[in-house]
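Written below as structure tokens is the structure these notes are about.
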There are 2 protein chains.
Amino acid sequence: MTAVGKFSTRPLYLQVKDMLIQRIAAGDWKPGAAIPNEIELSRELGISVGTVRKALDEMEHERLISRRQGRGTFVIDQTSTEHAVRFSNIRDPGAVRIGGDLVNCTIVAAAANQTEAQHLELRNGEPIFRIHRLRAHHGVPLMVEESIVPQALFPGLERETDDSPSIVVLARHYGVLLGRAEEKVGVAAAKGDVAKLLGVEENTPVLLLDRVVRTIDGRPIEWRLASCNLRQNYYLAEMN
Amino acid sequence: MTAVGKFSTRPLYLQVKDMLIQRIAAGDWKPGAAIPNEIELSRELGISVGTVRKALDEMEHERLISRRQGRGTFVIDQTSTEHAVRFSNIRDPGAVRIGGDLVNCTIVAAAANQTEAQHLELRNGEPIFRIHRLRAHHGVPLMVEESIVPQALFPGLERETDDSPSIVVLARHYGVLLGRAEEKVGVAAAKGDVAKLLGVEENTPVLLLDRVVRTIDGRPIEWRLASCNLRQNYYLAEMN
DNA sequence: AAGTGGTCTAGACCACGGA
DNA sequence: CCGTGGTCTAGACCACTTA
């Protein structure tokens, strides 16, 4: 018997899930690697296979693992082309999600102002990074964005030599698992720098994307404000 | 043993789900009513409780039923205030979904043009209804919309004395269960009638919503094109 | 107290993928 | 062929709601 126990009120399969998520986040199993099979996990934990299955089912639904009959269960690489753009609802004319390629990136350390603290559920003045990026698609400017992240989750980010192209890549680099996101969609007229960077005339209408990405535990990890010139691309929201 | 059998390749729990959905759509159990409990269903069908559970789990996830420990399993009323606006991503300042109240509604029978046929996966010229609506929120114009639906699914709709406020209400009235929807979000300048109906000046930027709602089987049932004046409301997309 | 869904067990067999 | 996840069974007990 390991960290899971039958004397908590929390259902066993959720404890199993928590434990597996924790081990993935800790790097016990790298992205792309196989997880022990169901029988083995159930023996290790001294519980039934069905209980392990229920934990794995939920994790698959949350895109943490992928299971295939006959092959096994694998940790999903969130930075793979398939998953890297899952928090972008912008599609190219062929309906595939695009996130834009990084053109330019500057990082500044600062203290959270009130809006920033509110969006990230921090206290006023807590340390954050402000990341400004310009993104292009097929060489054409797509969006300018300001991304706010708490310093606590990304220690030493400002000294990184590599660029930090997106929250998905950052999260993987710092061992954080991402969950859900909400995005407000609005419209505004491009002004000054924004217009210049996007290569459009002043007052061209652009899409305004105000997005909060959360970790698997539901804590906000990034607040991003983007101005986007869609051109022939479009924004697509799916509803269940 | 009823309509489910063990000699198909389709998993038993999916056959059970299909059958239950069919019975709900047929009106065997009205919205709000209780479904027989798991034990009873499993006895009726001659299968194990676990198999019934798996079917019910999926149906709950698809918002067809709601289950509560100690109470029972109930057919969800899609037209209840909670579920009626689930295909609208517009939120009021308090973050609650709003669909707008119906102000005005006209229905015209017609033959599908190419775009309409394409969106609804019909053949050119198949009979459709074009429904024009004006919606307001707290008495203030919110959106004008043109909704296209196939006549096949809504026989006699043009003779209805009741207004048809939304696809959700229509679907319930005609015994169709709704599944998912996709919505393209764009921006445009309000012109002519649209500007007049929304009570804004010409060329005011409005949100353009291009939405396809599908049945539980995945067939398109409504294509709606709406021009929306958000004012203090906003558009919120959720991503998993 | 009775009845419901929720959790958990311990098996069996099937369908699929790769060596 | 073997090992994997997917389906299905037949129970047990728990937690919650209602009367």
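Here the structure is a predicted model, which is why all the values come from computation and not from measurement. Reminder, nothing fancy here: chain letters follow the sequence lines and each chain counts from 1. Atom set for the values below is all heavy atoms of this structure, side chains included, hydrogens, waters and symmetry mates excluded.
- With rounding to whole Å, A/Glu38 atom CD is found 16 Å from C/dA10 atom P.
- For the pair B/Lys30 and B/Asp77, the salt-bridge criterion is not met [side-chain N within less than 4.0 Å of a carboxylate O].
- The A/Ser48 side chain lies nearest to C/dT9 when the options are C/dT9, C/dT4, C/dG6.
- D/dT18 atom C1' lies 11 Å from atom CZ of B/Phe74, rounded to whole Å.
- Across C/dA15, D/dA15, D/dT9, the shortest atom-to-atom separation from the side chain of B/Gln69 is found for D/dA15.
- Across the interface with DNA chain C, nearest-nucleotide mapping of B/Glu40 and A/Leu14 shows B/Glu40 to be the residue nearer the 5′ end.
- The distance between atom CE of B/Met59 and atom C1' of C/dG5, rounded to the nearest whole Å, is 15 Å.
- Between A/Phe154 and A/Tyr174, the ring-plane angle classifies as perpendicular under the 30° and 60° cut-offs.
- Listed candidates were C/dT9, D/dT9, C/dT4. Nearest to the side chain of B/Ile47 is D/dT9.
- When the side-chain nitrogen and oxygen atoms of A/Thr73 are compared with OP1 and OP2 of D/dG5, one or more of them lie within a distance under 4.0 Å.
- Contact of the B/Tyr235 side chain with the B/Cys228 side chain is not registered, since no non-hydrogen atoms from C-beta on lie closer than 4.5 Å.
- At a threshold of 4.0 angstrom between heavy atoms, the contacts of A/Arg68 are confined to the sugar-phosphate backbone, with no base atom among them.
- Between B/Lys54 atom NZ and D/dG6 atom C1' the separation is 7 Å, expressed in whole Å.
- B/Arg43 places its CZ atom 13 Å from the P atom of D/dA10, with the value rounded to the nearest Å.
- Phosphate contact (OP1/OP2 of D/dT4, side-chain N/O of A/Arg67, threshold under 4.0 Å): absent.
- Phosphate proximity of D/dT7 to B/Tyr13: present, with a side-chain N or O under 4.0 Å from OP1 or OP2.
- Look at B/Lys184 and B/Asp210 and you find no salt bridge, because none of the NZ, NE, NH1 or NH2 atoms lies under 4.0 Å from a carboxylate O.
- A salt bridge is absent between B/Arg211 and B/Glu145: the closest approach of a Lys/Arg side-chain nitrogen to an acidic carboxylate oxygen does not fall below 4.0 angstrom.
- A/Leu41 has its CG atom 14 Å from the P atom of C/dT9, to the nearest Å.
- To the nearest angstrom, P of D/dT18 lies 5 Å from CZ of B/Arg71.
- Rounded to a whole Å, the CD1 atom of A/Ile39 is 11 Å from the P atom of C/dA12.
- Residue B/Pro11 has its side chain nearest to D/dC8 when only D/dC8, C/dT4, D/dG5 are considered.
- Closest to the A/Thr51 side chain, of the nucleotides C/dG6, C/dC8, D/dT7, is C/dC8.
- Distances shorter than 4.0 Å separate some side-chain N or O of B/Arg53 from OP1 or OP2 on C/dG6.
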